[in-house]
2 protein chains.
Amino acid sequence: MTVAPPKKSRLSAGKRRALLEDAARACMARGGIREFTVDKIVAEAGVSRGLITHHFGSMDGLLVAVYSRMYDEWIAAISAPRQGLSRLESLVEALVSPALFSREVLNIWLTLWGEIANNPVLRAEHRARYSQYRESIAAALREAAPPGSGIDMDTVASAFICLVDGLGVQRCVDPDLLPETAARATCWALLSPHLTLGDKPVGNVRGMET
Amino acid sequence: MTVAPPKKSRLSAGKRRALLEDAARACMARGGIREFTVDKIVAEAGVSRGLITHHFGSMDGLLVAVYSRMYDEWIAAISAPRQGLSRLESLVEALVSPALFSREVLNIWLTLWGEIANNPVLRAEHRARYSQYRESIAAALREAAPPGSGIDMDTVASAFICLVDGLGVQRCVDPDLLPETAARATCWALLSPHLTLGDKPVGNVRGMET
DNA sequence: CCTGTTACTATACGGTAGTTCAATCACGAA
DNA sequence: TTCGTGATTGAACTACCGTATAGTAACAGG
C-alpha cells in the first residue's frame, strides 16, 4: 500500500502574508538584517522561494510589511489601559513589559531603525507614521500634567521617545545590564520633573537613588 | 617620448590600515551595513580587493578596527575640556556638537550597534570597552553633583547614555526633526534634577518649556 | 648590487544574494 | 464536472558576497 501524499496546505493571501511576516521577524530577531534574506525566511516559514515575490513584490515590500505590523502592535500595546493605573503609567508599564522590552522585539526595532536610516522606501513609511506615535505619547503626557504648566508636551514626548529608543539599544547591546526595574526608573526620572500630579510624585522617581 | 609610469604609492601598514578604516567608515555613513562590503570599500579607498584580507584578516577584523577607532575618537571628544565650561558641560556640548552629533557619525554608530547586537566578535570588543565609557561619564557627573546627595551616579550615567543613544537614533532616522538645541535641552532635562550645583541650575533646563 | 621582506595587485572560486518565470496544483464558481 | 483564478513550486539567472592565492613591485639592510 502506498503512503497518502501529504496534503498541500493552501492559505488565503492574507494568512500567508502574515506567516511570512512572522518568519521574517523571527529571522530578524535572531540575527538582525543579515538574517533577513530570502533563503532564511522561506526556510523559517517552510515554503518555497518564489512566495515572497508573489506576495510582497520584493524584499523591500516585505520589510515595509514587517515594519507596519511592528508599529501597529507597538501602538496597541502602549495604548492598552491597565488596572488601577493612569494612562501614562500604563504606557510606561507597557514599555518595560516583557512583551515590548525583550531582546527579540528590540533587536527587530534596532534592525528596522538601521534600515529606516538608509532605505528610502522604509523611511517614507516611517515618516508617514511617526507623528501619530509621538502624538499618542504627548496626549498621555498632557493628561498627566498640571494644567497651565507652560511646558510643551510635544517636546517632552520627543525627549521621552529618544530615551525609550536608547533603552532599547542598550537592552539589545547588553541584554543583562539593563533590567526592567532600571528601565522603569529611568523613564520616570525623565518624566517626573515635568509632572506634579496631585501631591505625591508620579511613578518611582526614587528608583534612581541608592 | 613616453609618459612616466605612475609611481605606485606604497604605505606603511599602519597608514594603509587607517585609510581602509576611513573608507569603511565613509561607506557605513553613506548606507549602513549594506555598504560595508569588500567591493564598496576598496573602491572608496582606490585599492585592490586583496588589501582588506591582507591588513585585517577578514571583514570582521576591519569591523572591529572601525569600532575601535570610533570608540577612541568618541571618548577623546567627550573628554576634551572647553573654555569656561565645567567637565560635565563640556561633555554635553561635545555630544551635541557637529563632530559627534552628525548624521554621518551617528549612522555609523547605529550600524555598529546593530552589529554588536548580533555579531559575537564585535560584541566581545564592545564588552571590553563599554565600562570605561560609562565610568568616564559617571566621573563627570560625580564632579558636578553635590557631595553626599545619596544619588548613585553610575545609575544616572547609565540612564544618560541611554538618552544619548536614543538621541542618535532619532537623529539618524529623522535628521531634521531633532536640532542641536533640542538635543542639548533634552540632555539637561535628564541631568539637572540630580545636580544642584551652586545656586543657579546647570545648563539650560528651561529649553523644555515653550 | 644583491636579497629578503612585505605591501600590493589581480584573479579565481564557491557560496549566496534577490528576482524572474514557466509549470503545477488547489479551490471556488458555473 | 468543467473551468478559471490565483496560490505555490522550483529551477534558472545575473550579480555580488567574502576569502584564498599566486604573482608582482617597492623598500630596507647588507
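Just so we're on the same page: letters track the sequence lines, and every chain starts at 1.
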_Expected output: side-chain A/Arg25 to main-chain A/Val66 donor-acceptor under 3.5 Å_ = no

*Between C/dA17, D/dT8, D/dA25, which nucleotide gets closest to the side-chain atoms of A/Asp39?*
C/dA17

*asked:* Taking B/Tyr133's backbone N and O only, do any of them form a donor-acceptor pair with B/Ser136's side chain (distance below 3.5 Å, no angle check)?
replied: yes

*For DNA chain C, find the residues of residues 45-63 of chain A with a heavy-atom distance under 4.0 Å and give them by number; none if there aren't any.*
A/Arg49, A/Thr53, A/Ser58, A/Met59

*asked:* So if I take residues 108-117 of chain B and measure heavy-atom distances to DNA chain C, which residues fall below 4.0 Å?
replied: none

*Return the residues of residues 16-35 of chain B meeting this criterion: a heavy atom under 4.0 Å from some atom of DNA chain D. Order them by number, or give none.*
none

*asked:* Tell me if a side-chain donor or acceptor on A/Arg134 pairs with a main-chain N or O of A/Ala157 at a distance below 3.5 Å.
replied: no

_Considering all heavy atoms, the nearest A/Asn118-B/Gly32 contact_ = OD1-N, 3.4 Å

*Check side chain to side chain donor-acceptor pair (under 3.5 Å) between A/His126 and all other residues, then give those that pass, not counting sequence neighbours.*
A/Tyr67, B/Asp174

*asked:* When you measure from the side chain of A/Arg82 to the backbone of A/Glu89, do you find a donor-acceptor pair of N or O atoms at a distance under 3.5 Å?
replied: no

*So, B/Glu125 versus B/Ser68: side-chain donor-acceptor pair below 3.5 Å or not?*
yes

*Can you run through DNA chain D from 5' to 3' and write each base as (, ), [, ], | or . depending on how it pairs? Watson-Crick or G-U wobble, both distances under 3.5 Å.*
||||||||||||||||||||||||||||||

_Taking the side chain as everything from C-beta on, heavy atoms only, tell me whether A/Met28 gets closer than 4.5 Å to A/Leu63._
yes

*Taking B/Ser158 for its side chain and B/Asp154 for its backbone only, find out whether a donor-acceptor pair lies under 3.5 Å.*
yes

*Nearest heavy-atom neighbours spanning A/Val92 and A/Cys187*: CG1-CB, 4.1 Å

*Report yes if some heavy atom in the side chain of A/Val105 is under 4.5 Å from a heavy atom in the side chain of A/Met70; otherwise report no.*
yes

_Atom-pair distance (CZ on A/Arg10; P on C/dA26), nearest Å_ = 8 Å

*Check the pair B/Arg184, B/Glu180 against salt bridge (Lys or Arg N to Asp or Glu O under 4.0 Å), reporting the backbone distance first and the verdict last.*
CA-CA 6 Å; B/Arg184 183 188 291 106; B/Glu180 172 200 324; 2.5 Å; yes

*Considering residues at least two apart in sequence or located in another chain, which fulfil the side chain to side chain donor-acceptor pair (under 3.5 Å) criterion with A/Arg142?*
A/Glu135

